[in-house]
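Since this is a predicted model, take the numbers as computed values, not measurements.
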Amino acid sequence: MDRRDILRLGAVAGATGALTLAPVSFAGAEGRADGPGGSGGPADETRTVTGHLPTGAPDFVYVPVEVPRGVREIAVSYTYDKPSVPAGTNGNACDIGIFDERGTELGGAGFRGWSGGARTEFFLRADAATPGYLPGPIRPGTWHIALGPYTVAPQGMDYKVAITLRYGAAGETPKPVYPPQRAKGRGRAWYRGDNHLHSVHSDGRRTPAEIAALARAAGLDFLTTTEHNTTSSHAAWEGLWGDDLLILTGEEITTRNGHVVAMGTDPGVFVDWRYRARDNAFGKFARAVRRAGGLVIPAHPHATCIGCNWKFGLNEADAVEVWNGPYTPDDEVTLAEWDNTLVAHAQGRGAWLPAVGHSDAHRDPDVVGLPQTVVLADDLSRQAIQEGIRAGRVWIAESAKVSLAFSVTGERGEHAGIGERLRVGRTSSVTARLEVSGAPGCTVSFVTDQGLRYSEPLPDSGSGTVSWRTTPDNAAYIRAEVRHPATTPALPGPMAALTNPVFLGRE
């Protein structure tokens with residue numbers, strides 16, 4: 001079934017971001033040799049769709065599949081060509097997923113799975129599905145295979161999709177078992193977590209069990225499962241949580257104009273990703289994240305991968321991921337951009353965005369908990385951890401080996417901790433104090449709205465206390481950084497830890 005001519009005519013549909021092809025039909029059980037339930041007919045049927053996508057193809061190309069009654073399983077495989085391209089030119093990359101008979105409406109109920117470019121085949125039926133896909137009934141109606149041509153070479157992209165329907169009695173869909181919303185914890189305390197992690201349910205290579213073991217080894221108290229554009233992992237953690245580990249559910253919403261961590265959404269709630277910044281749709285889906293009880297956290301805003309740069313602005317965000325995996329120059333850019341936003345809040349112009357850090361670990365040798373977000377929370381629960389993040393009671397560490405305590409005090413004993421405001425007069429003397437351990441070879445710095453104001457190396461042991469005095473007239477806020485020695489010319493050293501700010505002054 002050749003779609004070349006259809007796609008040539010439909011290439012202009014790129015303006016709307018999607019194109020739907022002619023439907024694929026199957027004979028169904030009624031068309032088999034012995035009729036419904038007969039033993040002589042085929043147990044399955046396969047149709048193959050081929051086509052060509054030109055450069056500038058729509059973001060999503062839908063292949064409708066007319067699914068008859070009596071189907072117990074849908075299996076899909078696909079391939080596409082990868083011709084050589086000149087240096088500096090994008091080659092072919094095509095994602096895939098599926099929507100059921102409820103349709104492809106943006107934010108609708110039809111979503112049944114997405115594997116992006118991580119898999120070349122998948123299946124789903126009532127009782128099981130490939131990771132990334134949701135088990136459930138195979139109801140009759142028009143399903144849609146979703147192709148996502150992420151990048152297309154100058155020669156275009158030739159693709160082939162094989163769709164197999166297997167007939168027979170449907171199995172029973174198991175009731176999902178989701179992680180609890182609370183763990184034992186230690187009461188009001190600082191809790192360590194990693195809220196950006198990938199498993200075999202998207203483009204990761206680790207199982208949930210392997211991730212849980214690595215989280216415990218990293219000294220984490222909580223984690224969030226955040227697969228690309230799917231919720232299939234939400235029910236994959238049964239037996240992996242415990243008094244010592246809170247597991248939250250979420251999603252990495254991977255649009256063409258940036259990625260966002262939906263942290264701590266209700267189990268099973270899917271949030272759509274099929275829009276760009278120009279569509280003016282992000283606010284709608286950010287609100288959907290919050291309705292599902294989650295936080296909206298732009299991920300790696302200045303990462304260099306295609307589609308990773310954040311283009312939606314920060315008005316709808318609850319926090320921002322300033323440190324993603326091993327500290328790199330793009331984290332340095334994000335940190336500087338985030339620091340620039342603190343002045344408006346210091347002047348009383350609206351809320352501020354707390355900084356967080358996550359590993360974005362996918363596979364070996366990625367380190368779970370590098371970095372980790374450390375949150376002051378009333379207990380180890382979804383609600384308390386999220387409240388701590390919203391309030392900015394957060395610092396970030398490269399590992400559980402690093403510990404710190406940061407506060408600013410006034411002349412009369414006034415005190416403020418991370419994420420708080422020290423309400424003293426503009427000319428009052430204030431003292432910033434950072435206690436740190438587990439950072440050998442590092443230097444402590446205090447940063448204000450004027451930039452880096454004071455630095456002091458730690459003792460060889462990596463433990464010590466550093467203090468610095470200033471006034472609200474000279475510093476609208478103070479935050480602390482702990483850095484390793486510089487490794488790249490003209491750039492400061494990699495981060496070992498950093499804090500959110502303490503704001504100064506009465507406003």
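Among all heavy-atom pairs drawn from Ser233 and Thr225, the shortest one is OG-OG1, 2.7 Å. Minimum interatomic distance between Ile396 and Pro371 (heavy atoms only, all atoms of both residues): CG2-CB, 3.8 Å. Listed here is the closest heavy atom pair of His300 and His259: CE1-ND1, 3.2 Å. Minimum interatomic distance between Ala262 and Ile253 (heavy atoms only, all atoms of both residues): CB-CD1, 4.0 Å. Among all heavy-atom pairs drawn from Arg69 and Pro140, the shortest one is NH1-CG, 3.7 Å. Annotation for Val402 and Ala497: closest pair CG1-CB, 3.9 Å, computed over non-hydrogen atoms.
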Verdict with reasoning, Glu66 to Thr142, per side chain to side chain donor-acceptor pair (under 3.5 Å): CA-CA 5 Å; Glu66 300 297 342; Thr142 303; 2.8 Å; yes
So Trp395 and Leu498, side chain to side chain contact (heavy atoms under 4.5 Å, CB included) or not? Walk me through it. CA-CA 6 Å; Trp395 59 278; Leu498 66 92; over 6 Å; no
Residue pair Val356, Val320: steps toward the side chain to side chain contact (heavy atoms under 4.5 Å, CB included) verdict: CA-CA 6 Å; Val356 296; Val320 61; over 6 Å; no
Yes or no on side chain to side chain contact (heavy atoms under 4.5 Å, CB included) for Gln386 and Leu295, after CA distance, side-chain angles and deciding distance? CA-CA 7 Å; Gln386 290 179 327; Leu295 299 184; 4.0 Å; yes
Go through the steps for Leu134 and Leu124 under the test side chain to side chain contact (heavy atoms under 4.5 Å, CB included), then give the verdict. CA-CA 7 Å; Leu134 307 179; Leu124 62 167; 6.0 Å; no
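Residues Pro68 and Leu165 form a side-chain contact, since some pair of their non-hydrogen atoms from C-beta on lies under 4.5 Å apart. Between Ile74 and Val67 there is a side-chain heavy-atom pair separated by less than 4.5 Å. The shortest side-chain heavy-atom distance between Phe60 and Leu147 does not fall under the 4.5 Å cut-off. At a threshold of 4.5 Å between non-hydrogen side-chain atoms, the residues Met263 and Ile389 count as touching. In this structure the side chain of Asp194 reaches within 4.5 angstrom of the side chain of Ser359, judged on heavy atoms. At least one side-chain heavy atom of Ile385 sits less than 4.5 Å from a side-chain heavy atom of Tyr191. Contact annotation: the side chain of Asn195 never approaches that of Ile297 to less than 4.5 Å [non-hydrogen atoms, C-beta and beyond]. Using a 4.5 Å cut-off on side-chain heavy atoms (C-beta onward), Tyr133 and Ser115 make contact.
Sorted by first and then second residue, the side-chain hydrogen bond (donor to acceptor under 3.5 Å, both in side chains) pairs involving residues 101-110 (not counting sequence neighbours) are Asp100-Arg102, Glu101-Arg139. Each ring-ring contact (aromatic ring centres under 6.0 Å, His included) pair with one or both residues in residues 302-327, not counting sequence neighbours, appears once here: Phe282-Trp310, Phe282-Phe312, Trp310-Phe312, Trp323-Tyr327. Note on residues 283-299: pairs passing side-chain hydrogen bond (donor to acceptor under 3.5 Å, both in side chains), not counting sequence neighbours, are Arg290-Glu316, Arg290-Asp318.
By the 4.0 Å N-to-carboxylate-O rule, Arg206 lies close enough to Asp364 to be salt-bridged with it. Using a cutoff of 4.0 Å between basic side-chain nitrogens and carboxylate oxygens, Asp266 and Arg382 are scored as salt-bridged. Glu332 has a carboxylate O that lies under 4.0 Å from a charged side-chain N of Arg483, or vice versa, which qualifies the two as a salt bridge.
Remark: side-chain polar atoms of Glu227 are paired, donor with acceptor, to backbone N or O of Ser199 under 3.5 angstrom. Judged purely by atom type and a 3.5 angstrom limit, Arg216 has no side-chain atom pairing as donor or acceptor with the backbone of Asp221. Of the possible donor and acceptor atoms, none in the side chain of Asn500 sits under 3.5 Å from a partner among the backbone N and O of Pro354. Remark: side-chain polar atoms of Asp81 are paired, donor with acceptor, to backbone N or O of Asp158 under 3.5 angstrom. For Thr207 (side chain) and Glu210 (main-chain N/O), a donor-acceptor pair under 3.5 Å exists by modelled atom type. Side chain of Thr224 to main chain of Gly250: no donor-acceptor pair is present (N/O by atom type, distance under 3.5 Å, no hydrogens or angles). Checked by atom type and distance alone, the side chain of Thr226 never pairs as donor or acceptor with a backbone atom of Glu252 at under 3.5 Å. A donor-acceptor pair is defined here as one N or O able to donate and one able to accept, closer than 3.5 Å; such a pair exists between the side chain of Thr373 and the backbone of Gly357. Remark: the backbone N or O of Ala153 is paired with a side-chain donor or acceptor of Asn92 at under 3.5 angstrom. Panel note: side chain Trp241, backbone Trp237; no donor-acceptor pair is recorded below 3.5 Å.
With values rounded to the nearest 0.5 angstrom, Arg205 atom CZ is found 11.0 Å from Asp366 atom CG. Interatomic distance, CD1 of Ile247 versus OH of Tyr178, reported as 14.5 Å (0.5 Å rounding). To the nearest 0.5 Å, the span separating CG on Asp272 from CG on Asn229 amounts to 8.0 Å. Separation of atoms SG (Cys308) and CG (Asn257) is listed at 11.0 Å; rounding is to 0.5 Å. Remark: Leu342 CG to Trp352 CH2 distance equals 7.0 Å, nearest 0.5 Å. The line from CG of Leu220 to CG of Leu197 is 8.0 Å long, rounded to the nearest 0.5 Å.
A cation-pi arrangement is found for Arg47 relative to Phe26, the charged atom lying closer than 6.0 Å to the ring centre and inside a 45° cone about the ring normal.
Between the side chains of Asn324 and Glu321, at least one donor N or O lies within less than 3.5 Å of an accepting N or O. In this structure, a donor-acceptor pair under 3.5 Å is present between the side chains of Thr328 and Asp331.
Applying the ring-ring contact (aromatic ring centres under 6.0 Å, His included) rule to His198 yields the partners His196, His228, His362; only residues at least two apart in sequence or on another chain are considered. With sequence neighbours excluded, the residues forming a ring-ring contact (aromatic ring centres under 6.0 Å, His included) with Phe285 are Tyr275, listed by chain and number.
Summarising the local packing, CG of Asn280 is surrounded by 12 or fewer heavy atoms from other residues, nucleotides or ligands at distances under 6.0 Å.
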Donor-acceptor pairs are to be reported for all side-chain atoms of residues 489-496 against protein atoms at under 3.5 Å, with residues two or more places apart or in another chain.
none

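Aromatic ring pairs are classed by plane angle as parallel below 30°, tilted from 30° to 60° and perpendicular above 60°; the pair Phe270 and Phe111 is parallel.
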